[in-house]
Amino acid sequence: MDIPGLSVAMSQANIINQYNIAVLAKTLDTVEESGELMIKMMEQSVTPHLGQTIDVSV
């Protein structure tokens, strides 16, 4: 059994896992920010008073 080699491999795997977690966390932050911006854009595009009154003349 190659204990030093196993130790190095486990250490490298741990570093790769930490890197992947950091990238996923950053991606999640970006997606959440995009979602918030999308909600703000949708709220601004809505005109709540539109269509509530009708002008009728004969």
Side-chain angles (χ1 to χ4, degrees):
M1 194 181 257
D2 184 23
I3 302 272
L6 182 60
S7 175
V8 169
M10 288 178 61
S11 177
Q12 288 174 345
N14 188 22
I15 290 171
I16 291 171
N17 284 338
Q18 289 176 354
Y19 173 79
N20 287 336
I21 290 170
V23 170
L24 287 172
K26 181 63 177 167
T27 303
L28 180 60
D29 291 343
T30 303
V31 169
E32 287 177 346
E33 184 177 324
S34 296
E36 290 172 1
L37 291 173
M38 180 76 73
I39 290 171
K40 286 181 182 178
M41 284 186 350
M42 291 175 70
E43 287 174 347
Q44 290 176 353
S45 70
V46 175
T47 51
H49 64 279
L50 189 65
Q52 291 181 355
T53 57
I54 300 174
D55 293 332
V56 178
S57 60
V58 178

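We count residues from 1, following the sequence as given.
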So how far is it from Glu33 CD to Leu28 CG, rounded to the nearest 0.5 Å?
-> 11.5 Å
State which residue, out of Met42, Glu36, Glu43, fulfils the side chain to side chain contact (heavy atoms under 4.5 Å, CB included) condition with Ile39.
-> Glu43
For residues 18-25, run the donor-acceptor check on the side chains, cut-off 3.5 Å, and write out each pair with its distance to 0.1 Å, sequence neighbours left out.
from  : atom 1 : to    : atom 2 : distance (Å)
Asn20 : ND2    : Ile16 : O      : 3.4

Under the side-chain contact (heavy atoms from CB on, under 4.5 Å) criterion, do Glu32 and Asp29 qualify, and how do the steps go?
-> CA-CA 5 Å; Glu32 287 177 346; Asp29 291 343; 4.2 Å; yes
For the pair Ser11 (side chain) and Ser7 (backbone), establish whether a donor and an acceptor sit closer than 3.5 Å, ignoring hydrogens and angles.
-> no
